[in-house]
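Written out below as structure tokens is the structure these notes cover.
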Amino acid sequence: MPELPEVEVVRRGLADHVAGRRIARATITGARVARRHEPGPVDLAARLLGSTVTAARRRGKYLWLELDRADALVIHLGMSGQLLVEPADAPLEKHCHARFEFADGDPQLRFVDQRTFGGLALSPVGPDGIPVVVAHIAPDPFEPAFDQRAVVLAMKRRDSAVKRALLDQSLVSGIGNIYADEALWRAQVHGERLCSSLTKPALSRILEQARQVMTEALGHGGTSFDALYVNVNGASGFFDRSLHVYGREGTPCDRCGAPIRREQFMNRSSYSCPRCQPRPRRHGG
DNA sequence: CTTTTCTCCTGTATGC
DNA sequence: TGCATACAGGAGAAAA
């Protein structure tokens, strides 16, 4: 559920409340949250002791805390991960997997994750400033390193559905199921159209719409459907009120009035307008 | 190499 | 009321 705008909201919260502070104690429980850290959660916690957080950074849906040491603490929220800034005496959440206490006292930072698709890892940082465990992810549309022309060319060469390409983080990062559907509605393209069947300007428009809808969502504090996605203060964004297709099966299209349809694609729900986004005829063309 | 499918997880909603 | 099932879906491993 957290996609680029939601992760960026969390990153800003970390920058405001955690940057510049020294970790006095880390408590990481359960092997799963630290599954990307081979030596395990206890070792991970021990290695963080005494480190000062120098910055909070992001690429796509990946977050990391830059530290005053070689490695960065990489965090992925997965489906349901939350980073919460709270006083030490706040009741412990049922699915709290990590707690960070700082040398200057309250507030502390907690990683809470119901479905445990998220996780923490320590990673060296490459010369480009990107942690090596994040290096396989392409730049997101908000980065200076994002080269839209190159992404369009890479998509054009692909023999797969355009929605699949939008969700492929090695092509362009940060886009998830919600914003992919919203971008495709705005561009008036069905997600099962093959990339290779779309013109370069059409592919370019889709990417533009993706960036645009994520910009707007960020301005609204992100999208939240159930209380799972929240910022570091536990508050939900309200961009869900501005969605045109996602989660709106049967309601009239905001452009033409046709009832929004829901289809299965890649074992997930896809929402689109049957009139504005006609299905491809045969092989996606 | 490219592309697709499977798997991980738990709370909530729905159906019989 | 209870039990079973579907669903939410990011990302990496595995398979095709």
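Within every chain, numbering begins at 1; the chains are lettered A, B, ... in the order of the sequence lines, protein sequences first and strands thereafter.
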For this session: Look at the side chain of Ser160(A) and decide which nucleotide, out of dT3(B), dA8(C), dC9(B), has an atom nearest to it.
Result: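 The closest nucleotide is dT3(B).
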
Problem set entry | Whichever of Arg262(A) and Ile137(A) has its nearest DNA chain C nucleotide further upstream toward 5' |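 On the 5' side of the pair lies Arg262(A).
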
Any [X] side-chain nitrogen or oxygen under 4.0 Å from OP1 or OP2 of [N]:
X	N	result
His136(A)	dA11(C)	no
Lys94(A)	dT10(B)	no
Arg164(A)	dT5(B)	yes
Ser269(A)	dA8(C)	yes

What is the distance, rounded to the nearest whole Å, between atom [atom1] of [X] and atom [atom2] of [N]?
X	N	atom1	atom2	value
Arg157(A)	dC1(B)	CZ	C1'	13 Å
Arg32(A)	dT10(B)	CZ	P	8 Å
Asn267(A)	dA14(C)	CG	P	19 Å
Phe265(A)	dG10(C)	CZ	P	13 Å
Glu3(A)	dA8(C)	CD	P	14 Å
Gln114(A)	dC8(B)	CD	P	18 Å
Arg115(A)	dC7(C)	CZ	C1'	9 Å
Tyr271(A)	dA8(C)	OH	P	6 Å

Tell me what [X] touches on the nucleic acid: a base, only sugar-phosphate, or nothing, going by heavy atoms under 4.0 Å.
X	answer
Arg158(A)	sugar-phosphate
Arg35(A)	nothing
Asp159(A)	sugar-phosphate

For this session: Look at the aromatic rings of Tyr62(A) and His76(A) and report parallel, tilted or perpendicular, splitting at 30° and 60°.
Result: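 It falls in the perpendicular class, over 60°.
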
Problem set entry | Under 3.5 Å donor-acceptor pair, Arg268(A) side-chain atoms to dG10(C) base atoms |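 Such a pair exists between side chain and base.
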
Exercise. Between Tyr271(A) and Gln277(A), does any side-chain donor sit less than 3.5 Å from a side-chain acceptor?
Worked result: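 Distance-only check fails for Tyr271(A) and Gln277(A).
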
Exercise. Would Gln108(A) and Arg110(A) count as having a side-chain donor-acceptor pair, cut-off 3.5 Å?
Worked result: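 Short answer, yes.
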
For this session: State which residue, out of Leu14(A), Val74(A), Ile23(A), Leu120(A), fulfils the side chain to side chain contact (heavy atoms under 4.5 Å, CB included) condition with Leu65(A).
Result: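 When Leu14(A), Val74(A), Ile23(A), Leu120(A) are each tested with Leu65(A), the side chain to side chain contact (heavy atoms under 4.5 Å, CB included) holds only for Leu14(A).
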
Exercise. Centre of Trp185(A)'s six-membered ring, under 6.0 Å away, within 45 degrees of the axis: is that where NZ or CZ of Arg255(A) sits?
Worked result: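 Checked: cation-pi criterion met.
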
